[in-house]
There are 2 protein chains.
Amino acid sequence: MAARSQYQELARQLSAVGAVKRGIARILPAECPGGSAAVLTLLARNGEMRISRLADLLAVDMSVTSRHVTHAVESGWIERFPDPADKRSRILRLTPAGEELLDELTRRTTEMFAHNLIDWSDEEVGQLNTLLSRLRDSFACRGTGGCTPGRHSGDCRTGHAEDSHTRTPV
Amino acid sequence: MAARSQYQELARQLSAVGAVKRGIARILPAECPGGSAAVLTLLARNGEMRISRLADLLAVDMSVTSRHVTHAVESGWIERFPDPADKRSRILRLTPAGEELLDELTRRTTEMFAHNLIDWSDEEVGQLNTLLSRLRDSFACRGTGGCTPGRHSGDCRTGHAEDSHTRTPV
DNA sequence: TATTGTTATACTCTATAACTATA
DNA sequence: TATAGTTATAGAGTATAACAATA
(Lines give C-alpha, C1' and ligand atoms only; values in the text may rest on other atoms or scores of the structure.)
Protein backbone atom coordinates (compact mmCIF):
# COMPACT_ATOMS: atom_id res chain seq x y z
CA MET A 1 0.00 0.00 0.00
CA ALA A 2 1.21 3.48 -0.81
CA ALA A 3 1.75 6.44 1.47
CA ARG A 4 -1.29 8.52 2.35
CA SER A 5 0.05 11.73 0.86
CA GLN A 6 0.21 9.99 -2.50
CA TYR A 7 -3.53 9.47 -2.38
CA GLN A 8 -4.33 13.14 -2.07
CA GLU A 9 -2.03 13.78 -4.94
CA LEU A 10 -3.67 11.12 -7.04
CA ALA A 11 -7.12 12.51 -6.29
CA ARG A 12 -6.00 15.90 -7.57
CA GLN A 13 -4.38 14.45 -10.67
CA LEU A 14 -7.50 12.51 -11.54
CA SER A 15 -9.58 15.61 -11.07
CA ALA A 16 -7.29 17.55 -13.39
CA VAL A 17 -7.57 14.93 -16.10
CA GLY A 18 -10.90 16.55 -16.87
CA ALA A 19 -9.13 19.38 -18.64
CA VAL A 20 -7.43 16.96 -21.00
CA LYS A 21 -10.70 15.18 -21.67
CA ARG A 22 -12.43 18.44 -22.46
CA GLY A 23 -9.58 19.32 -24.77
CA ILE A 24 -10.25 16.13 -26.69
CA ALA A 25 -14.00 16.76 -26.70
CA ARG A 26 -13.47 20.19 -28.22
CA ILE A 27 -11.96 18.84 -31.40
CA LEU A 28 -14.89 16.52 -32.13
CA PRO A 29 -17.26 17.46 -34.97
CA ALA A 30 -20.09 19.64 -33.72
CA GLU A 31 -22.73 17.02 -34.47
CA CYS A 32 -20.89 14.34 -32.50
CA PRO A 33 -20.95 14.68 -28.71
CA GLY A 34 -18.46 12.75 -26.62
CA GLY A 35 -20.95 10.10 -25.65
CA SER A 36 -21.50 9.14 -29.27
CA ALA A 37 -17.78 9.07 -29.95
CA ALA A 38 -17.25 6.66 -27.07
CA VAL A 39 -20.05 4.41 -28.30
CA LEU A 40 -18.66 4.28 -31.83
CA THR A 41 -15.15 3.60 -30.61
CA LEU A 42 -16.20 0.69 -28.42
CA LEU A 43 -18.39 -0.86 -31.09
CA ALA A 44 -15.52 -0.71 -33.55
CA ARG A 45 -13.06 -2.20 -31.11
CA ASN A 46 -15.23 -4.89 -29.58
CA GLY A 47 -17.67 -5.69 -32.34
CA GLU A 48 -21.44 -5.72 -32.17
CA MET A 49 -22.96 -6.10 -28.74
CA ARG A 50 -25.97 -5.39 -26.54
CA ILE A 51 -26.63 -2.24 -24.53
CA SER A 52 -25.82 -3.89 -21.23
CA ARG A 53 -22.39 -4.94 -22.42
CA LEU A 54 -21.75 -1.50 -23.82
CA ALA A 55 -22.75 0.04 -20.49
CA ASP A 56 -20.21 -2.17 -18.76
CA LEU A 57 -17.48 -1.10 -21.15
CA LEU A 58 -18.40 2.56 -20.82
CA ALA A 59 -18.62 2.19 -17.04
CA VAL A 60 -21.83 4.18 -16.88
CA ASP A 61 -25.43 3.27 -16.12
CA MET A 62 -27.48 1.50 -18.74
CA SER A 63 -29.92 4.40 -18.86
CA VAL A 64 -27.10 6.71 -19.88
CA THR A 65 -25.88 4.25 -22.46
CA SER A 66 -29.38 3.96 -23.85
CA ARG A 67 -29.52 7.68 -24.46
CA HIS A 68 -26.14 7.79 -26.14
CA VAL A 69 -27.16 4.91 -28.34
CA THR A 70 -30.47 6.51 -29.25
CA HIS A 71 -28.66 9.63 -30.37
CA ALA A 72 -26.20 7.61 -32.45
CA VAL A 73 -29.06 5.66 -34.04
CA GLU A 74 -30.96 8.82 -34.88
CA SER A 75 -27.81 10.21 -36.44
CA GLY A 76 -27.43 7.11 -38.57
CA TRP A 77 -24.12 5.97 -37.09
CA ILE A 78 -25.28 2.69 -35.62
CA GLU A 79 -28.24 0.39 -36.08
CA ARG A 80 -30.18 -1.58 -33.52
CA PHE A 81 -31.64 -4.90 -34.56
CA PRO A 82 -33.35 -7.70 -32.66
CA ASP A 83 -31.32 -10.22 -30.74
CA PRO A 84 -32.53 -13.67 -31.87
CA ALA A 85 -31.42 -15.14 -28.57
CA ASP A 86 -33.35 -12.74 -26.33
CA LYS A 87 -36.30 -10.68 -27.42
CA ARG A 88 -35.69 -8.12 -24.70
CA SER A 89 -32.34 -7.17 -26.20
CA ARG A 90 -31.18 -5.53 -29.33
CA ILE A 91 -27.82 -5.85 -30.99
CA LEU A 92 -25.88 -2.73 -31.86
CA ARG A 93 -23.76 -2.46 -34.95
CA LEU A 94 -21.88 0.32 -36.73
CA THR A 95 -23.30 1.51 -40.04
CA PRO A 96 -21.06 2.55 -42.93
CA ALA A 97 -21.78 6.16 -41.99
CA GLY A 98 -20.69 5.35 -38.46
CA GLU A 99 -17.46 3.85 -39.67
CA GLU A 100 -16.86 6.90 -41.79
CA LEU A 101 -17.40 9.20 -38.84
CA LEU A 102 -15.15 7.06 -36.69
CA ASP A 103 -12.37 7.39 -39.25
CA GLU A 104 -12.69 11.13 -39.02
CA LEU A 105 -12.69 11.01 -35.20
CA THR A 106 -9.60 8.83 -35.23
CA ARG A 107 -7.87 11.16 -37.63
CA ARG A 108 -8.55 14.18 -35.45
CA THR A 109 -7.65 12.66 -32.12
CA THR A 110 -4.53 11.04 -33.50
CA GLU A 111 -3.39 14.36 -34.86
CA MET A 112 -4.05 16.02 -31.53
CA PHE A 113 -2.20 13.39 -29.54
CA ALA A 114 0.69 13.36 -31.97
CA HIS A 115 0.94 17.10 -31.61
CA ASN A 116 0.70 17.28 -27.84
CA LEU A 117 2.62 14.13 -26.96
CA ILE A 118 5.45 14.81 -29.35
CA ASP A 119 8.02 14.25 -26.61
CA TRP A 120 6.49 11.08 -25.15
CA SER A 121 8.07 7.76 -26.00
CA ASP A 122 6.11 4.71 -26.91
CA GLU A 123 7.02 3.14 -23.60
CA GLU A 124 5.83 6.11 -21.58
CA VAL A 125 2.42 6.19 -23.22
CA GLY A 126 2.18 2.44 -22.76
CA GLN A 127 3.11 2.76 -19.12
CA LEU A 128 0.40 5.35 -18.55
CA ASN A 129 -2.13 3.15 -20.31
CA THR A 130 -1.18 0.19 -18.19
CA LEU A 131 -1.41 2.11 -14.95
CA LEU A 132 -4.76 3.65 -15.86
CA SER A 133 -6.11 0.26 -16.82
CA ARG A 134 -4.98 -1.15 -13.53
CA LEU A 135 -6.49 1.81 -11.69
CA ARG A 136 -9.85 1.02 -13.24
CA ASP A 137 -9.59 -2.56 -12.17
CA SER A 138 -8.64 -1.57 -8.66
CA PHE A 139 -11.67 0.64 -8.33
CA ALA A 140 -14.09 -1.75 -9.96
CA CYS A 141 -16.30 -3.93 -7.84
CA ARG A 142 -14.93 -3.70 -4.37
CA GLY A 143 -16.63 -2.71 -1.18
CA THR A 144 -16.61 0.99 -0.35
CA GLY A 145 -17.74 3.08 -3.25
CA GLY A 146 -15.74 0.99 -5.63
CA CYS A 147 -18.33 -0.57 -7.84
CA THR A 148 -19.30 1.16 -10.99
CA PRO A 149 -22.89 2.36 -11.00
CA GLY A 150 -26.09 0.81 -12.09
CA ARG A 151 -27.11 -2.68 -12.87
CA HIS A 152 -24.62 -5.23 -13.97
CA SER A 153 -25.38 -7.84 -16.50
CA GLY A 154 -23.67 -10.60 -14.65
CA ASP A 155 -21.44 -11.02 -11.71
CA CYS A 156 -19.25 -8.15 -10.74
CA ARG A 157 -16.03 -9.50 -12.13
CA THR A 158 -17.10 -9.51 -15.74
CA GLY A 159 -17.19 -6.25 -17.65
CA HIS A 160 -13.93 -4.47 -18.20
CA ALA A 161 -11.86 -6.83 -16.08
CA GLU A 162 -12.38 -9.30 -18.84
CA ASP A 163 -10.87 -6.93 -21.36
CA SER A 164 -8.22 -5.11 -19.43
CA HIS A 165 -5.39 -7.55 -19.44
CA THR A 166 -6.17 -10.24 -21.94
CA ARG A 167 -5.93 -7.86 -24.85
CA THR A 168 -5.80 -4.18 -25.54
CA PRO A 169 -7.78 -2.70 -22.69
CA VAL A 170 -10.99 -0.95 -23.55
CA MET B 1 6.49 10.18 -30.37
CA ALA B 2 4.46 7.08 -29.59
CA ALA B 3 2.67 4.71 -31.93
CA ARG B 4 -0.75 5.76 -33.16
CA SER B 5 -2.57 2.79 -31.71
CA GLN B 6 -1.39 3.87 -28.27
CA TYR B 7 -3.27 7.12 -28.69
CA GLN B 8 -6.62 5.47 -29.20
CA GLU B 9 -5.95 3.37 -26.19
CA LEU B 10 -5.05 6.42 -24.12
CA ALA B 11 -8.19 8.22 -25.23
CA ARG B 12 -10.28 5.29 -23.99
CA GLN B 13 -8.41 5.06 -20.71
CA LEU B 14 -8.88 8.74 -20.04
CA SER B 15 -12.54 8.43 -20.80
CA ALA B 16 -12.85 5.54 -18.37
CA VAL B 17 -11.20 7.51 -15.59
CA GLY B 18 -14.59 9.14 -15.17
CA ALA B 19 -15.87 6.06 -13.39
CA VAL B 20 -13.12 6.33 -10.80
CA LYS B 21 -13.80 10.01 -10.33
CA ARG B 22 -17.50 9.37 -9.82
CA GLY B 23 -16.62 6.68 -7.31
CA ILE B 24 -14.70 9.26 -5.32
CA ALA B 25 -17.50 11.80 -5.65
CA ARG B 26 -19.99 9.32 -4.26
CA ILE B 27 -18.28 9.11 -0.90
CA LEU B 28 -18.34 12.87 -0.32
CA PRO B 29 -20.77 14.25 2.28
CA ALA B 30 -24.11 15.07 0.71
CA GLU B 31 -23.76 18.79 1.34
CA CYS B 32 -20.34 18.95 -0.35
CA PRO B 33 -20.33 18.62 -4.14
CA GLY B 34 -17.11 17.78 -5.93
CA GLY B 35 -16.47 21.35 -6.97
CA SER B 36 -16.36 22.51 -3.38
CA ALA B 37 -14.08 19.66 -2.39
CA ALA B 38 -11.61 20.61 -5.13
CA VAL B 39 -11.67 24.24 -4.03
CA LEU B 40 -11.01 23.38 -0.40
CA THR B 41 -8.21 20.99 -1.30
CA LEU B 42 -6.39 23.52 -3.45
CA LEU B 43 -6.74 26.30 -0.90
CA ALA B 44 -5.30 24.07 1.79
CA ARG B 45 -2.42 22.94 -0.37
CA ASN B 46 -1.51 26.24 -1.97
CA GLY B 47 -2.62 28.77 0.60
CA GLU B 48 -4.87 31.76 0.12
CA MET B 49 -5.22 33.04 -3.41
CA ARG B 50 -7.43 34.89 -5.87
CA ILE B 51 -10.14 33.39 -8.03
CA SER B 52 -8.10 33.63 -11.19
CA ARG B 53 -5.26 31.63 -9.70
CA LEU B 54 -7.69 29.05 -8.39
CA ALA B 55 -9.23 28.76 -11.84
CA ASP B 56 -5.80 28.05 -13.28
CA LEU B 57 -5.17 25.34 -10.71
CA LEU B 58 -8.58 23.79 -11.28
CA ALA B 59 -8.11 24.06 -15.04
CA VAL B 60 -11.63 25.35 -15.53
CA ASP B 61 -13.06 28.70 -16.54
CA MET B 62 -13.15 31.51 -14.02
CA SER B 63 -16.92 31.64 -14.20
CA VAL B 64 -17.08 28.03 -13.06
CA THR B 65 -14.61 28.70 -10.30
CA SER B 66 -16.65 31.68 -9.19
CA ARG B 67 -19.71 29.53 -8.73
CA HIS B 68 -17.87 26.85 -6.80
CA VAL B 69 -16.41 29.53 -4.57
CA THR B 70 -19.78 31.17 -4.01
CA HIS B 71 -21.20 27.87 -2.88
CA ALA B 72 -18.29 27.27 -0.53
CA VAL B 73 -18.64 30.77 0.90
CA GLU B 74 -22.37 30.36 1.45
CA SER B 75 -21.65 27.08 3.19
CA GLY B 76 -19.18 28.79 5.48
CA TRP B 77 -16.14 26.83 4.32
CA ILE B 78 -14.12 29.71 2.90
CA GLU B 79 -14.18 33.47 3.18
CA ARG B 80 -13.60 36.10 0.56
CA PHE B 81 -11.99 39.36 1.61
CA PRO B 82 -10.67 42.35 -0.31
CA ASP B 83 -7.27 42.26 -1.93
CA PRO B 84 -5.44 45.38 -0.77
CA ALA B 85 -3.30 45.29 -3.90
CA ASP B 86 -6.19 45.23 -6.38
CA LYS B 87 -9.71 46.34 -5.62
CA ARG B 88 -11.11 44.14 -8.39
CA SER B 89 -9.90 41.00 -6.66
CA ARG B 90 -10.76 39.18 -3.50
CA ILE B 91 -8.59 36.80 -1.56
CA LEU B 92 -9.92 33.38 -0.68
CA ARG B 93 -9.08 31.67 2.57
CA LEU B 94 -10.28 28.56 4.39
CA THR B 95 -12.37 29.06 7.51
CA PRO B 96 -12.06 26.79 10.54
CA ALA B 97 -15.26 25.08 9.39
CA GLY B 98 -13.67 24.57 6.00
CA GLU B 99 -10.59 23.00 7.54
CA GLU B 100 -12.80 20.75 9.56
CA LEU B 101 -14.69 19.62 6.49
CA LEU B 102 -11.46 19.10 4.62
CA ASP B 103 -10.23 16.82 7.38
CA GLU B 104 -13.33 14.75 6.95
CA LEU B 105 -12.93 14.68 3.18
CA THR B 106 -9.33 13.60 3.55
CA ARG B 107 -10.29 10.91 5.98
CA ARG B 108 -12.91 9.49 3.62
CA THR B 109 -10.87 9.60 0.44
CA THR B 110 -7.80 8.21 2.15
CA GLU B 111 -9.81 5.30 3.46
CA MET B 112 -11.23 4.66 0.02
CA PHE B 113 -7.86 4.77 -1.70
CA ALA B 114 -6.26 2.63 0.97
CA HIS B 115 -9.01 0.08 0.47
CA ASN B 116 -8.97 0.01 -3.31
CA LEU B 117 -5.25 0.45 -3.89
CA ILE B 118 -4.23 -2.09 -1.31
CA ASP B 119 -1.98 -3.88 -3.79
CA TRP B 120 -0.32 -0.79 -5.23
CA SER B 121 3.19 0.08 -4.12
CA ASP B 122 4.28 3.56 -3.25
CA GLU B 123 6.37 3.67 -6.41
CA GLU B 124 3.49 2.69 -8.63
CA VAL B 125 1.19 5.38 -7.31
CA GLY B 126 4.02 7.87 -7.62
CA GLN B 127 4.63 6.80 -11.18
CA LEU B 128 1.00 7.29 -12.08
CA ASN B 129 1.00 10.70 -10.44
CA THR B 130 4.10 11.71 -12.36
CA LEU B 131 2.72 10.56 -15.68
CA LEU B 132 -0.63 12.28 -15.14
CA SER B 133 1.12 15.46 -14.16
CA ARG B 134 3.19 15.32 -17.29
CA LEU B 135 0.11 14.59 -19.36
CA ARG B 136 -1.48 17.76 -18.07
CA ASP B 137 1.58 19.74 -18.98
CA SER B 138 1.70 18.23 -22.43
CA PHE B 139 -1.89 19.23 -23.11
CA ALA B 140 -1.63 22.69 -21.61
CA CYS B 141 -1.11 25.64 -23.87
CA ARG B 142 -0.14 24.27 -27.19
CA GLY B 143 -1.70 24.84 -30.55
CA THR B 144 -4.55 22.54 -31.51
CA GLY B 145 -7.10 22.29 -28.76
CA GLY B 146 -4.41 22.15 -26.15
CA CYS B 147 -5.00 25.23 -24.09
CA THR B 148 -7.25 25.03 -21.10
CA PRO B 149 -10.40 27.07 -21.43
CA GLY B 150 -11.27 30.60 -20.65
CA ARG B 151 -9.27 33.60 -19.73
CA HIS B 152 -5.79 33.29 -18.38
CA SER B 153 -4.38 35.56 -15.80
CA GLY B 154 -1.06 35.90 -17.50
CA ASP B 155 0.81 34.32 -20.32
CA CYS B 156 0.00 30.79 -21.25
CA ARG B 157 2.95 29.18 -19.58
CA THR B 158 2.05 30.16 -16.04
CA GLY B 159 -0.73 28.31 -14.27
CA HIS B 160 -0.17 24.70 -13.43
CA ALA B 161 3.14 24.45 -15.24
CA GLU B 162 4.50 26.54 -12.44
CA ASP B 163 3.40 23.96 -9.89
CA SER B 164 3.81 20.70 -11.65
CA HIS B 165 7.46 20.02 -11.32
CA THR B 166 8.89 22.41 -8.78
CA ARG B 167 6.94 20.82 -5.96
CA THR B 168 4.13 18.40 -5.42
CA PRO B 169 1.94 18.92 -8.44
CA VAL B 170 -1.47 20.41 -7.93
C1' DT C 1 -39.74 -13.11 -10.01
C1' DA C 2 -35.77 -11.38 -12.31
C1' DT C 3 -33.67 -9.11 -16.20
C1' DT C 4 -33.25 -5.96 -20.42
C1' DG C 5 -33.99 -1.83 -21.89
C1' DT C 6 -36.46 2.89 -22.12
C1' DT C 7 -38.04 7.18 -20.36
C1' DA C 8 -38.83 11.02 -17.01
C1' DT C 9 -36.67 13.82 -13.78
C1' DA C 10 -33.10 16.08 -11.39
C1' DC C 11 -28.38 17.32 -10.38
C1' DT C 12 -23.42 18.50 -11.28
C1' DC C 13 -20.08 20.40 -14.05
C1' DT C 14 -18.81 23.19 -17.74
C1' DA C 15 -18.42 27.08 -21.34
C1' DT C 16 -19.90 31.40 -23.64
C1' DA C 17 -21.42 35.86 -23.44
C1' DA C 18 -22.91 40.04 -21.34
C1' DC C 19 -22.03 42.91 -17.61
C1' DT C 20 -19.79 45.75 -13.56
C1' DA C 21 -15.97 47.59 -11.37
C1' DT C 22 -11.32 48.63 -11.30
C1' DA C 23 -6.53 49.06 -13.35
C1' DT D 1 -8.43 49.63 -23.28
C1' DA D 2 -7.65 45.68 -20.63
C1' DT D 3 -8.34 42.78 -16.64
C1' DA D 4 -10.88 40.50 -12.37
C1' DG D 5 -14.84 38.74 -11.26
C1' DT D 6 -20.05 37.79 -11.40
C1' DT D 7 -24.22 36.21 -13.35
C1' DA D 8 -27.46 34.34 -16.90
C1' DT D 9 -28.06 30.91 -20.04
C1' DA D 10 -27.38 26.67 -22.37
C1' DG D 11 -25.55 22.08 -23.06
C1' DA D 12 -23.33 17.61 -21.96
C1' DG D 13 -23.10 13.82 -18.86
C1' DT D 14 -24.73 11.25 -15.22
C1' DA D 15 -27.82 8.68 -11.66
C1' DT D 16 -32.28 7.20 -9.68
C1' DA D 17 -36.68 5.58 -10.12
C1' DA D 18 -40.71 4.07 -12.47
C1' DC D 19 -42.07 1.49 -16.23
C1' DA D 20 -42.74 -2.10 -20.21
C1' DA D 21 -41.65 -6.34 -22.29
C1' DT D 22 -39.60 -10.65 -21.99
C1' DA D 23 -37.09 -14.54 -19.61
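Numbered from 1 within each chain, the chains take letters A, B, ... in sequence-line order.
Remark on DNA chain D: of its neighbouring residues A/Ser36 and A/Lys87, the 5'-side contact belongs to A/Ser36, judged by nearest-heavy-atom nucleotide. Looking at which nucleotide of DNA chain C each of B/Gly35 and B/Ala85 is closest to, the 5′-most match is held by B/Gly35. Sequence order on DNA chain D of the closest nucleotides to A/Asp86 and A/Val64 puts A/Val64 first from the 5' end.
Each of C/dT6, D/dA12, C/dT14 was ranked by its minimum atom distance to the side chain of A/Arg22; first place goes to C/dT14. The B/Pro33 side chain lies nearest to C/dC13 when the options are D/dT16, C/dC13, C/dG5.
Remark: P of D/dA21 and CZ of A/Arg50 are 19 Å apart, rounded to the nearest angstrom. Rounded to whole angstrom, the span from the CD1 atom of A/Ile24 across to the P atom of C/dT14 amounts to 16 Å. One atom, NE2 of B/His68, and another, C1' of D/dG5, lie 15 Å apart when rounded to the nearest Å. The separation between B/Lys21 atom NZ and D/dA15 atom P is 13 Å, rounded to whole Å. For the pair A/Ile91 CD1 and C/dT4 P, the computed distance is 13 Å after rounding to whole Å. Rounded to whole angstrom, the span from the CG atom of A/Asp61 across to the C1' atom of D/dA17 amounts to 10 Å. The CE atom of B/Met62 sits 14 Å away from the C1' atom of C/dA17 (whole-angstrom rounding). Note: CG (A/Asp83) to P (C/dG5) measures 8 Å, nearest angstrom.
A donor atom on one side chain and an acceptor atom on the other are not found under 3.5 Å apart for A/Ser36 and A/Trp77. A donor-acceptor contact closer than 3.5 angstrom is absent between the side chains of A/Thr95 and A/Glu100. Inspection of the A/Gln127 and A/Glu123 side chains reveals no N or O donor paired with an N or O acceptor under 3.5 Å. Judged purely by distance below 3.5 Å, without hydrogens or angles, the side chains of B/Arg12 and B/Ser15 pair a donor atom with an acceptor atom.
Considering only side-chain N and O atoms, B/Ser89 lies under 4.0 angstrom from the phosphate OP1 or OP2 of D/dG5. Within the structure, every side-chain polar atom (N or O) of A/Arg90 is placed at least 4.0 Å from both OP1 and OP2 of D/dT22. Not one side-chain nitrogen or oxygen of A/His71 sits closer than 4.0 Å to the OP1 or OP2 atom of D/dA12.
Ring geometry, B/Phe113 versus A/Phe139: the interplanar angle exceeds 60°, so the pair is classed perpendicular (tilted spans 30 to 60°).
A/Gly18 comes within 4.0 angstrom of no nucleic acid atom, judged by non-hydrogen atoms across all strands.
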What are the atom names and distances for every N/O pair under 3.5 Å that joins the protein to nucleotides 9-11 of chain C?
none

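A donor-acceptor contact under 3.5 Å links the side chain of A/Arg88 to the base of C/dT3. For a distance-only test at 3.5 Å, the side chain of A/Ser63 qualifies as a donor-acceptor partner of the base of D/dT16.
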- Query: side chain to side chain contact (heavy atoms under 4.5 Å, CB included) between A/Val60 and B/Arg22: does it pass, once the steps are laid out?
  - Reply: CA-CA 10 Å; A/Val60 299; B/Arg22 291 193 299 279; 3.3 Å; yes
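For A/Ser66, the side-chain hydrogen bond (donor to acceptor under 3.5 Å, both in side chains) criterion is met by no residue, not counting sequence neighbours.
A salt bridge links B/Arg107 and B/Glu104; the closest N-O separation between the charged side-chain nitrogens and carboxylate oxygens is under 4.0 Å.
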